[in-house]
Amino acid sequence: QVQLVESGGGLVQPGGSLRLSCAASGFTTPYWTIGWFRQAPGKEREGVSCIGSADGSTYYTNSGKGRFFTSRDNAENTVYLQMNNLKPEDTAVYYCAATTRDYYYCSGYGPQAGEYDYWGQGTQVTVSS
């Protein structure tokens with residue numbers, strides 16, 4: 001019953017910005033963590049960021065290079081990934097994922113794909129001139 005729907009992807013020129021949205025529904029607990037992942041052509045999936053529920057704590061991997069920021073709008077059950085100064089190497093399918101595992105916390109684990117049980121369909125981000 002849990003559903004995650006990503007939106008906001010598209011084609012952008014290098015140096016541009018995009019904001020991805022992850023709309024969540026169907027959770028039976030308010031304590032859910034959202035991670036962002038991406039998979040580029042020919043490469044394995046990698047974690048980008050995650051954000052916790054209670055305090056909104058965040059964790060960023062090196063992939064965003066200080067350019068990406070994630071936030072939550074709890075009233076709308078929506079999580080965002082703001083991507084600035086996009087580069088061609090950012091081209092990938094971006095996924096949001098959720099976990100309610102009680103031992104998992106974003107600040108300590110980071111976005112580890114194996115800890116996430118619910119996944120969206122992904123949204124394509126293409127950075128090209």
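Sequential numbering from 1 along the given sequence is applied to the chain's residues.
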Indicate yes or no for a side-chain donor-acceptor contact from [X] to the backbone of [Y] under 3.5 Å, with no hydrogens or angles considered.
X	Y	answer
Thr61	Gly47	yes
Glu6	Gln121	yes
Gln1	Gly26	no
Thr91	Val127	yes
Arg67	Ser17	no

Applying salt bridge (charged side-chain N to carboxylate O under 4.0 Å, His left out) as the test, list every pair that has at least one member in [range]; sequence neighbours left out.
range	answer
residues 93-103	Arg101-Glu115, Arg101-Asp117
residues 9-31	none
residues 118-129	none
residues 21-35	none

If I take atom [atom1] from residue [X] and atom [atom2] from residue [Y], how far apart are they, to the nearest 0.5 angstrom?
X	Y	atom1	atom2	result
Leu81	Cys50	CG	SG	11.5 Å
Leu11	Leu18	CG	CG	9.0 Å
Ser49	Tyr59	OG	OH	11.0 Å
Thr100	Tyr116	OG1	OH	11.5 Å
Trp36	Leu20	CH2	CG	5.0 Å

Quiz item: Residues two or more places apart in sequence or in another chain: which of them pass ring pair (Phe, Tyr, Trp, His ring centres under 6.0 Å) with Tyr94?
Solution: none
Quiz item: Side-chain contact, heavy-atom cut-off 4.5 Å: Pro30 with Ser53?
Solution: no
Self-check item: hydrophobic_cluster_shared for Val48 and Trp32, side chain cutoff 4.5 Å
Solution: yes
Exercise. Answer with yes or no whether the hydrophobic clustering places Leu4 together with Val125; edges join I, L, V, M, F, W, Y residues whose side-chain heavy atoms lie under 4.5 Å apart.
Key: yes
Go through the structure and list residues passing side chain to side chain contact (heavy atoms under 4.5 Å, CB included) with [X], not counting sequence neighbours.
X	answer
Thr58	Ile51, Tyr60, Thr70
Val2	Phe27, Tyr118
Thr28	none
Ser107	Ser57, Tyr105

Nearest non-hydrogen partners of [X] and [Y], listed with the distance:
X	Y	value
Gly110	Tyr104	O-OH, 2.5 Å
Ser129	Pro14	N-CD, 3.7 Å
Arg72	Asn74	NE-OD1, 3.2 Å
Pro111	Phe37	O-CE2, 3.3 Å
Cys106	Gly52	CB-N, 4.0 Å
Ile34	Ala98	CD1-CB, 3.6 Å

Exercise. List for me each residue that meets side-chain hydrogen bond (donor to acceptor under 3.5 Å, both in side chains) alongside Tyr95, sequence neighbours excluded, and say none if there are none.
Key: none
Exercise. With sequence neighbours excluded, tell me which residues meet side-chain hydrogen bond (donor to acceptor under 3.5 Å, both in side chains) with Gln82.
Key: Asn84
Self-check item: Contacts of Arg38 that satisfy salt bridge (charged side-chain N to carboxylate O under 4.0 Å, His left out) - sequence neighbours left out
Solution: Glu46, Asp90
Practice problem: Report, as yes or no, whether the 6.0 Å neighbourhood of atom CD on Gln3 holds more than 12 heavy atoms from other residues, nucleotides or ligands. | Solution: no
